[in-house]
Novice: 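Before we start, here is the structure in question, set down as structure tokens.
Counting convention: from 1, in listed order, for ligands and their atoms alike.
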Amino acid sequence: MTTAEDAAVSTTREGAVATVTLLRPGLSVAVKTQLRDALHEVAADPSVRAVVLTGSGRAFCFGQDLAEHAKVLDAGASTALSTVTEHYNPIVVALATMPKPVLAAINGTCVGAGLGFALACDLRLAAAGARMGTAFTAIGLTCDSGLSASLVRAVGSSRAAELVLLAETFTAEQAQGWGLVRDVLPAAELADGAAALAAHLAAGPTSAYAESKALMADPHLVEVLTAEGAAQARLGRTADHHGAVRSFLAKEKPSFSGR
Ligand SMILES: CCCCCCCCCCCCC[C@H](O)CC(=O)SCCNC(=O)CCNC(=O)[C@H](O)C(C)(C)COP(=O)(O)OP(=O)(O)OC[C@H]1O[C@@H](n2cnc3c(N)ncnc32)[C@H](O)[C@@H]1OP(=O)(O)O
């Protein structure tokens with residue numbers, strides 16, 4: 001039973017629209033398990049005909065909570081890897097396959113698995129100036145959350161390679177120019193804009209949306225997620241990854257040996 005102070009994710013309803021909000025930007029185990037369970041709940045509820053995924057405050061999602069992750073790595077715990085199969089993958093599959101439209105309202109910084117979640121949604125709106133990025137290689141990892149395929153499908157292989165290998169952040173406005181984001185709104189108008197679009201979708205032909213999502217979905221999503229998990233398992237044991245996480249938390253520039 002999640003008490004109010006433990007809540008890391010909230011679900012609110014407005015008619016047939018459910019809004020799932022990340023209350024903390026770092027993906028701790030609490031955030032990931034509550035997000036996974038919340039998405040399974042709204043996916044299974046026939047009275048929910050459209051879903052909005054958003055964050056709170058200045059950030060949408062910072063990706064893996066690196067402070068928590070460092071403790072798990074230091075303990076040599078295999079739970080570090082199980083989070084991919086127990087949390088990240090089920091969240092992405094729920095977003096990408098639930099039989100109703102899912103809209104990401106990117107209220108602020110969106111990086112790492114946060115970007116993967118946003119790209120697993122069907123449509124994206126973003127707040128002006130929101131920064132996005134892949135982040136993975138900057139900490140000695142590679143893509144997960146389906147991003148190795150969803151980013152290529154969204155922006156093409158050339159730009160996807162640039163975004164992953166250089167791990168530079170980009171703006172909501174750039175993302176809109178690349179077709180990653182449908183619209184960029186002033187931060188104060190994002191929630192209302194997302195609510196209006198979600199209400200429009202919730203009043204639409206839900207079965208037709210569900211069939212369209214199924215036809216347009218990546219037929220290789222499960223294979224992609226499996227391959228990403230295997231790559232993270234290899235990279236998660238490297239000195240580069242362990243060192244980069246420590247450097248990030250110490251607010252130091254990481255150095256990489258290449259292994
Ligand atoms: C031993 C057995 C091992 C077996 C192998 C297992 C390993 C397999 C791997 C499993 C895990 C996979 C994880 C998965 O790939 C998911 C991911 O998302 S990986 C990517 C994680 N995210 C990041 O690396 C992003 C890091 N953050 C940044 O780059 C920047 O902070 C930003 C997000 C671009 C924002 O930049 P700014 O606006 O400049 O803000 P700050 O940098 O000052 O940050 C503000 C504040 O937030 C804190 N913070 C930011 N990001 C994180 C984070 N990810 N985790 C924790 N904390 C974060 C930052 O420290 C600042 O804190 P403050 O200084 O204010 O206290």
Novice: Any ring pair (Phe, Tyr, Trp, His ring centres under 6.0 Å) involving residues 119-164? Give me the pairs, sequence neighbours left out, ordered by first then second residue.
Specialist: none
Novice: With a 3.5 Å cut-off and no angle check, do the side chains of Ser148 and Glu228 form a donor-acceptor pair?
Specialist: yes
Novice: Using a strict threshold of under 4.0 Å (side-chain N to carboxylate O), is an ion pair present between Asp45 and Arg13?
Specialist: yes
Novice: Does some side-chain heavy atom of His241 sit less than 4.5 Å from a side-chain heavy atom of Leu235?
Specialist: no
Novice: Could you list the residues that satisfy salt bridge (Lys or Arg N to Asp or Glu O under 4.0 Å) with Asp218, not counting sequence neighbours?
Specialist: none
Novice: Report all protein residues having a heavy-atom distance below 4.0 Å to some atom of ligand 1; order the list by chain, then number.
Specialist: Phe62, Gly63, Gln64, Asp65, Leu66, His69, Leu73, Gly76, Ala77, Ala80, Leu81, Tyr88, Thr109, Val111, Gly112, Ala113, Arg131, Ala135, Phe136, Ile139, Leu141, Asp144, Gln232, Gly236, Arg237, Phe248, Lys251
Novice: Tell me, please, which residues at least two apart from Asp122 pass salt bridge (Lys or Arg N to Asp or Glu O under 4.0 Å).
Specialist: Lys213
